[in-house]
Amino acid sequence: MKKLLVVVDFQVDFVVGTLGFEGAEALDERIASQIEAYLEEGQDVVCTYDTHFEDYLETKEGRGLPITHCVKGTPGWELYGRTGKLLENAKSFEKYTFGSFEFGEYLLENPYDEIRFVGLVTNICVISNAVIAKSVLPEAQIIIDAKATGSADLSLHHKALEVMQSMLMQIDNWERQ
């Protein structure tokens, strides 16, 4: 079985930077352990980078979310912690909005039987990229690890998990509240 682990936007600005939130740091060890397990099994691991530029506040997204973050080349754009170190040589996708069409193209060229998502933020970029994967590879098992994803808004985290589950994605490690 060909498996892929996708680490979504586990970047400094989402963990401890301008959009960081309580509990995000705690995901580092869980995500890093999954990366190690996938690599030990000979499976693939990729990551995404939320990527913006100095003109971010002038973009549609910047006007809707007026907090400068993940500006390419700044410390906030870098991957966080042990997870970041493990991903230094991983295939990566810079994305300029919530989802990555380049990631979708990669999936078309490299079909997987199972795709597991971890990272940040559940209700924005995780769900966007999971929907891309489900659209491109509708027969693949799409898995979201609820304890290795997160959001500053716990209610939106759970709502996003519910939506993904309704789209026939598997939600692992979910303790509904």
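Heavy atoms only: backbone and side chains are in, while hydrogens, waters and symmetry mates are out.
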With Leu4 as reference, evaluate Ile115, Leu137, Val45, Asp113 under the side chain to side chain contact (heavy atoms under 4.5 Å, CB included) test and give the passing residue. Ile115
Under the side-chain contact (heavy atoms from CB on, under 4.5 Å) criterion, do Val131 and Met167 qualify, and how do the steps go? CA-CA 8 Å; Val131 168; Met167 296 176 73; 3.8 Å; yes
Looking only at the aromatic ring of each residue, does the gap between the centers of His52 and Tyr96 stay below 6.0 angstrom? no
Got Thr18 and Thr68 here, is their nearest side-chain heavy-atom distance under 4.5 Å? no
Would Thr48 and Val7 count as a side-chain contact (heavy atoms from CB on, under 4.5 Å) if you check the C-alpha gap in whole Å, the side-chain angles of each, and the deciding distance to 0.1 Å? CA-CA 6 Å; Thr48 66; Val7 181; over 6 Å; no
Heavy-atom distance under 4.5 Å between the side chains of Cys70 and Phe14, does that happen here? yes
Which heavy atom in Ile67 sits nearest to a heavy atom in His69, and how many Å separate them? O-ND1, 2.7 Å
Looking only at heavy atoms, which two atoms of Leu87 and Cys47 are closest? And how far apart? CD1-CB, 3.9 Å
Side-chain contact, heavy-atom cut-off 4.5 Å: Asp44 with Lys3? no
Listed once per pair and sorted, the ring-ring contact (aromatic ring centres under 6.0 Å, His included) pairs that draw on residues 115-157, sequence neighbours left out: none
Results of side chain to side chain donor-acceptor pair (under 3.5 Å) for Ser128 - residues two or more places apart only: none
Give a yes or no answer on whether the side chain of Ser151 reaches the backbone of Leu154 with a donor-acceptor pair at less than 3.5 Å. no
For Asp13, which residues count as a side chain to side chain donor-acceptor pair (under 3.5 Å) partner, sequence neighbours excluded? none
Write out all pairs satisfying salt bridge (charged side-chain N to carboxylate O under 4.0 Å, His left out) with one or both partners inside residues 157-169, taking only residues at least two apart or from two chains. none
Mind jotting down which residue pairs meet the salt bridge (charged side-chain N to carboxylate O under 4.0 Å, His left out) criterion with at least one end in residues 52-66? Sequence neighbours excluded, please. none
With sequence neighbours excluded, what pairs up with Glu29 under the salt bridge (charged side-chain N to carboxylate O under 4.0 Å, His left out) test? Arg82
Interatomic distance, Lys85 atom NZ to Ile35 atom CD1 [nearest 0.5 angstrom]: 12.0 Å
Would Tyr106 end up clustered with Val118 when hydrophobic side chains under 4.5 Å apart are linked, directly or stepwise? no
So, do Leu120 and Val126 sit near enough that their side-chain heavy atoms are less than 4.5 Å apart? no
Ile132 reachable from Val8 in the ILVMFWY side-chain graph, under 4.5 Å edges: yes
side-chain contact (heavy atoms from CB on, under 4.5 Å) between Thr122 and Leu161, worked out: CA-CA 8 Å; Thr122 314; Leu161 294 172; 4.1 Å; yes
Listing request: all salt bridge (charged side-chain N to carboxylate O under 4.0 Å, His left out) pairs with a residue in residues 141-150, at least two apart in sequence or in separate chains. Arg30-Asp145, Arg116-Asp145, Lys147-Glu175
Output all residues satisfying salt bridge (charged side-chain N to carboxylate O under 4.0 Å, His left out) with Lys2, sequence neighbours left out; order by chain, then residue number. none
Distance-only, no hydrogens or angles: does the Gln11 side chain make a donor-acceptor pair with backbone N or O of Glu78 under 3.5 Å? no
Only counting residues at least two apart or in another chain, list the ones meeting ring-ring contact (aromatic ring centres under 6.0 Å, His included) with Phe21. none
Partners passing side chain to side chain donor-acceptor pair (under 3.5 Å) against Tyr49 (at least two apart in sequence or in another chain): none
If you round to the nearest 0.5 Å, how far is CD1 of Ile127 from CD1 of Ile144? 8.5 Å
So, Thr83 side chain and Tyr80 main chain: donor-acceptor pair closer than 3.5 Å or not? no
Are Leu107 and Met164 in one and the same hydrophobic cluster, where Ile, Leu, Val, Met, Phe, Trp and Tyr link if side-chain heavy atoms are under 4.5 Å apart? yes
Say whether Tyr38 and Val46 are linked into one hydrophobic cluster, either directly or through other cluster members, by side-chain heavy-atom distances under 4.5 angstrom. no
Applying side-chain contact (heavy atoms from CB on, under 4.5 Å), run through Asn129 and Phe103 and close with a yes or a no. CA-CA 8 Å; Asn129 287 285; Phe103 169 62; 4.0 Å; yes
What about Phe53 and Phe98, same hydrophobic cluster or not, with Ile/Leu/Val/Met/Phe/Trp/Tyr joined at side-chain heavy-atom distances under 4.5 Å? no
Is there side-chain contact between Leu19 and Leu65, with at least one heavy-atom pair below 4.5 Å? yes
Do the rings of Trp174 and His158 sit parallel, tilted or perpendicular, given the 30° and 60° boundaries? parallel
Give me the atom names and distance for the closest heavy-atom approach of Ser155 to Asp153. N-OD1, 2.9 Å
Taking salt bridge (charged side-chain N to carboxylate O under 4.0 Å, His left out) as the definition, give me every residue that meets it alongside Lys95, ordered by chain and number, with sequence neighbours left out. Asp9, Asp50
Ser100 meets the side chain to side chain donor-acceptor pair (under 3.5 Å) criterion, sequence neighbours left out, with none
Shortest non-hydrogen separation from Ala140 to Lys134 and the atoms involved: O-NZ, 4.2 Å
Side chains of Ile143 and Glu114: does their closest heavy-atom pair fall under 4.5 Å? yes
Minimum-distance pair of heavy atoms, taken over all atoms of Leu79 and Val12: O-CG2, 4.1 Å
